[in-house]
Amino acid sequence: MLEQLYFAMEVFLNGLMAGVLYALVALGFVLIFKASGIFNYAQGVMALFSALTLVGIMDGQVPFSHIINATFGTDIHHFGWHVPALFAIFGTVIVMVLFAWIVQRYIFRHLVGQEPIILFMATIGLAYFLEGVGDLMWGSEIKKLDVGLPQGINDTIDQVTYEMFGYGFFIDNLDIVATVVAVLLVIGLVIFAQYSKEGRAMRAVADDHQAALSVGVSLNFIWIMVWSVAGFVALVAGIMWGTKSGVQFSLSLIALKALPVLMLGGFTSIPGAIVGGLIIGVGEKLFEFFMSSSALAGELFGFTISATENWFAYVLALIFLVFRPQGLFGEKIIERV
Amino acid sequence: MLDNSESYVTEDGRTIGGVVMEMKNITLRFGGVVAIKDISFDIREGEIRAIIGPNGAGKSSMLNVISGFYVPQEGEVLFHGKPRPQLRPYEVAQQGIARTFQNIALFEGMTVLDNVMTGRLNKMSSGLLAQAIWRGKAEKEEIENREKAEKIIDFLEIQHIRKTPVSRLPYGLKKRVELARALVSEPSILLLDEPMAGMNVEEKEDMSRFILDVNDEFGTTIALIEHDMGVVMDLSDRVVVMDYGKKIGDGTPSDIRNNQAVIDAYLGVAHD
Ligand SMILES: Nc1ncnc2c1ncn2[C@@H]1O[C@H](COP(=O)(O)OP(=O)(O)OP(=O)(O)O)[C@@H](O)[C@H]1O
Ligand SMILES: [Mg+2]
């Protein structure tokens, strides 16, 4: 029984770490939604696209090589160089800022004042467009991403816990790194929002557009900035996820787990996105553990079920919605969505 | 008639400067509705300029044209004698023209102090990195902004609600916070859209006193829209009267009081 308890604790910790990734994607959603009222369906694809771009830059892949080769009858795929991870990340950030600018300049600038549902539809279009561009630019095969983050089971934790409890906890190094990075990112964002001029302007825009204009804030600039920040957050999530399971197009689907996270946490709350992400991460891992264990669910109900991770988050969010539609920390969403 | 650059001294001894802002043949339409019909008038440095008229006359529209929120179909705005290109509202604000709104636009999720501090956004240097590198400068700037905000808060006598979220404030105080936010940017021109609407007599007296003090102590040029005739006559140096989008009078309060067109426009129109 003690063994089961330790195992559950391990599952709990692993769930927390998985939740961090959900939280990161949800964070990107919240940033854009707060500042512009746009529910950005493309946030997950942005994580995918940024990871694809990062791998592409690192490996010296020639963008759009399929098209180029088909058009000119050439056979080029690689520049033949390798870019260090740090430079490649920097390059990807520039690409994401450019993306933010294009999105604002050519899409949302023309949709100012439109109904939220129209803005939402625009982001669905954007999501599939970006997925297509990612495919054309970098190809659709699964890519390995290695920016030098430590991976594998952390031996120290394994040994120390084994000596203490007689049970070694398996915690992945990458999960630890992801957690630390996410915490730093959130702290950075909070400092930025609280103390910098741009951060304050961002909060002003999030609160009231008209008032923000009247104190001399350019909405356009802030929106480009927010999309850039969301792009950066997407990149961080993309790196973590891509390192863990390879950069592949299913990433944009996994990212949709951020939806139940948002329902739990509220669409406008940064702490909500984080707590919601953790709850979903832990909840689905523990539920899976409990329901698939013959010693627990089997004893109790006489049956076990597995693969609950596919639906658990959505059902949890649904139950939550019924009782608290605005989420844990959210403000009245009824009016806005 | 005074020349555009000439200044004069009022009866109560205040010096009014030359023309700082001139509206020339402004026409603004919304579909079929003509909100402003070929209106010209000017605002002189240091004066309190009132815009009055019955409901729907186009007063707010005029203020919105000046502050860049509305783009007129015809006419131009001259600022310091030079034609102003069509500016976005935030660019107008950056030129030192602050405003308040008829329907109040505050940051409801922030405290009074934070709201007032947003009025200093344009006086802050940008970039988190730059601020991290020049920490000393950024800190000095922050302290200075904070002092300016506190000074205005004291000036408008809202110290007691500094830390209160504005969403909890009654209407009259919100109007005052909005004025504070506009003032803290140290504007050269202040545009006030019905700063006393919905206030009781006592609150109106306070607000009138603040407006006069702002004009007097900071030398701020003020253009204001107001329905209360008594207040308008007391406060303003010159008055523009609008009716159905047209200008029907322009002059000193006593000119306006004796203007037949104005009297006619106001007859039978209910005012609070
Ligand atoms: N954004 C807008 N869209 C369409 N019509 C507008 C808009 N703003 C103002 N109008 C119209 O322009 C006319 C003038 O309105 P405006 O708000 O300028 O009047 P006002 O003199 O400020 O009135 P009040 O004393 O009621 O505030 C009205 O007919 C109004 O309906
Ligand atoms: Mg009005």
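Convention: sequence-line order gives letters A, B, ...; per-chain numbering from 1. Because the structure is a prediction, the values reported are computed rather than measured.
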Check whether the ring centres of Phe30(B) and Tyr70(B) lie less than 6.0 Å apart, and answer yes or no.
yes
Under 4.5 Å to a heavy atom of chain A? For Met117(B) that would be side chain
Residue by residue, scan residues 176-197 of chain B and write down, ordered by number, those that have a heavy-atom distance under 4.5 Å to chain A; if none do, write 'none'.
Arg181(B)
What I want to check is whether the side chains of Arg99(B) and Asn64(B) have a donor and an acceptor closer together than 3.5 Å.
yes
Counting only heavy atoms not in Tyr171(B), do more than 12 fall under 6.0 Å of its OH?
yes
Ring centres under 6.0 Å, that's the criterion: do Phe218(B) and Phe155(B) meet it?
yes
Given a strict heavy-atom distance threshold of 4.5 Å, which part of Leu121(B) is in contact with chain A: side chain, backbone, both, or neither?
both
We want to know whether Ser60(B) and Gln102(B) form a side-chain donor-acceptor pair, criterion being a heavy-atom distance below 3.5 angstrom.
yes
I'd like to know which of Ile97(B), Thr118(B), Thr100(B) tops the heavy-atom pair count under 4.5 Å against chain A.
Thr118(B)
Taken to the nearest 0.5 Å, the spacing of Glu45(B) CD from Asp42(B) CG works out to 12.5 Å
Output for pair (Phe79(B) CZ, Met23(B) CE), nearest 0.5 Å, gives 10.5 Å
Most heavy-atom pairs under 4.5 Å with chain A, out of Glu91(B), Gln95(B), Arg88(B), Met110(B), belong to Met110(B)
Is any side-chain N of the basic residue among Lys174(B) and Glu108(B) closer than 4.0 Å to the acidic one's carboxylate O?
yes
